[in-house]
Structures are given as structure tokens and as C-alpha cells.
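All of these numbers come straight from a predicted model, not from anything done at the bench. This chain uses plain numbering: 1 for the first residue, then up along the sequence. Order of listing sets the numbers, starting from 1, for every ligand and every atom in it.
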Amino acid sequence: MEKDIKDLKVLIDKDTLSARIKALADEINAFYDNSKSLTIVCVLKGAVMFFAELTKHLKMPIKMEFVSLSSYGNDFKSSGEVKSFNLNLPKLENENVLIVEDIVDTGLTLDFLIKFIKVKCCACDVRLAVLFDKKCARKFDVQPDFSAFDVDDKFIVGFGLDYCGLYRNLDYIGWFE
Ligand code: 5GP
């Protein structure tokens, strides 16, 4: 189905996004021992804006890692399999790891990634921060530790989230009616 930016409705504006992400960073700062380093794994490409905004407000020493995973392709719903991926991560023994993802939907992508980081990278603690939690679509037992917004069963774009590779640069979250 073809979609156009003129059909896009604003769901969350720029100022609301910034304020909520700052509050989420405060929650994360309060949760961790800020004298110990934290490895943050950004799930490309969708989490890029959320990751950049969130990490600016974190107070502990941070290491940044990037992985690339997808279960959507060019569609409005999950394909049911984790598709392209680049999981070039170091060993993370004795590291606290925080995965930063745009949205948890069925939970397939994050279920895969959490297991990978625990088993292959041997991280001692793995937590999850998401910009959006689409609880109604969940099929895997994935529970974010930090979540900025709940969203119902809408397809949203903007602030990193795409449709067919477009709309990631929007500074707000929109949805197609
Ligand atoms: P899951 O593996 O949890 O089913 O899907 C997670 C991935 O699906 C997200 O990283 C994101 O790329 C994509 N996704 C899920 N819901 C939406 C949505 O409403 N909008 C967009 N643009 N992508 C979504």
C-alpha cells in the first residue's frame, strides 16, 4: 500500500519526545551505579535518534556498540523472522549492557538479541530501553526495563522509525490513518 507524508498525522511532537527521553535518562541514571561503565547497544537503524538523544543525558561512563537487525522489511507488520543482521559485538564479560531499541512489537528481534548478548557475548547484566512499547502485538516474552511511551496497534514513523526507508529524519512521531 502506497503511503504519502500528507497522510501523516502527528502523534507525539518534538518537545514531548525530548522531555520524555530526558525523564527516561533520569530513571536510567537512578537505576545504575554511575561509577561503573555501561555498554549501550544501539539497534540500527530505527533506534538512531532515540540513542543519540538518550545518551546525551546519561551520567555513567559509556561505551557504544551498534548492531543492525530487522524483522519488518518494507511492510507494516513483522515478517516473523530476524532478517538482515550485523552482530559484530566484542566479548562483554563483567559488563552491564543496555540495549537501546526504537520499538518492541512482537518481541522477536529483541528476544533474539538479548539471548545473543547473554550467551555469545557473556554480558553479566542485560537490560532493555525502548522508545515505544507496542504491548498489544507481543508474541515473545520480552519486557522492557525502561520504556518511554506505550503505543497501541498503529504503524508509526519518524524520529528513526521508517516506512520503506523514509521518514527517519522527522523530529516528531507520526502515524498513517
Ligand atoms: P519485533 O521484532 O518486536 O516484531 O519488531 C521490532 C521492529 O519492528 C522494530 O525495530 C521496528 O523496526 C519494526 N516496527 C515495529 N512496529 C513498528 C511501527 O509501528 N513502525 C515502524 N516504522 N517500525 C515498526
Is there at least one pair of N or O atoms, one from L161 and one from ligand 1, spaced under 3.5 Å apart?
->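 No, since none of the N or O atoms of L161 sits under 3.5 Å from an N or O of ligand 1.
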E101 N/O under 3.5 Å from ligand 1 N/O =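 Indeed, backbone or side chain, E101 has an N or O that close.
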Can you list the atoms of ligand 1 that are under 4.0 Å from a heavy atom of [X]?
X	result
D162	21 (C), 22 (N)
T109	1 (P), 2 (O), 5 (O), 6 (C)
K154	19 (O)
K134	16 (N), 17 (C), 18 (C), 19 (O)

Applying salt bridge (Lys or Arg N to Asp or Glu O under 4.0 Å) between R138 and each of D153, D133, D150, report the one that passes.
->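 For R138, the salt bridge (Lys or Arg N to Asp or Glu O under 4.0 Å) test succeeds with only one of D153, D133, D150, which is D133.
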May I ask you to identify, for D102, whether its side chain, its backbone, both or neither come under 4.0 Å of ligand 1 on a heavy-atom basis?
->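 Side chain only; the backbone of D102 stays clear of ligand 1.
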Give a yes/no on ligand 1: does F155 have at least one heavy atom closer than 4.0 angstrom to it?
->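 For ligand 1, residue contact (heavy atoms, under 4.0 Å) with F155 is present.
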Contact with ligand 1 for G46, non-hydrogen, under 4.0 angstrom =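 Flag not set, G46 not near ligand 1.
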Please indicate whether D152 has more than 12 foreign heavy atoms, meaning atoms of other residues, nucleotides or ligands, lying under 6.0 Å from its CG.
->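 Check passes, neighbour count above 12.
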Counting only heavy atoms not in K154, do more than 12 fall under 6.0 Å of its NZ?
->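 More than 12 heavy atoms, drawn from other residues, nucleotides or ligands, come within 6.0 Å of this atom.
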Summary of salt bridge (Lys or Arg N to Asp or Glu O under 4.0 Å) pairs that have at least one residue in residues 90-101, sequence neighbours excluded =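 Found K63-E95.
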Of all residues at least two apart in sequence or in a different chain, which pass the ring pair (Phe, Tyr, Trp, His ring centres under 6.0 Å) check with Y32?
->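 If we apply the ring pair (Phe, Tyr, Trp, His ring centres under 6.0 Å) test to Y32, skipping adjacent residues, there are no hits.
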Close aromatic pair by centroid cut-off 6.0 Å: F159 and F132 |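 No, ring centres 6.0 Å or more apart.
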V82 and T109: which non-hydrogen atoms are nearest, and at how many Å?
->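 Looks like CG2-CA, 4.2 Å.
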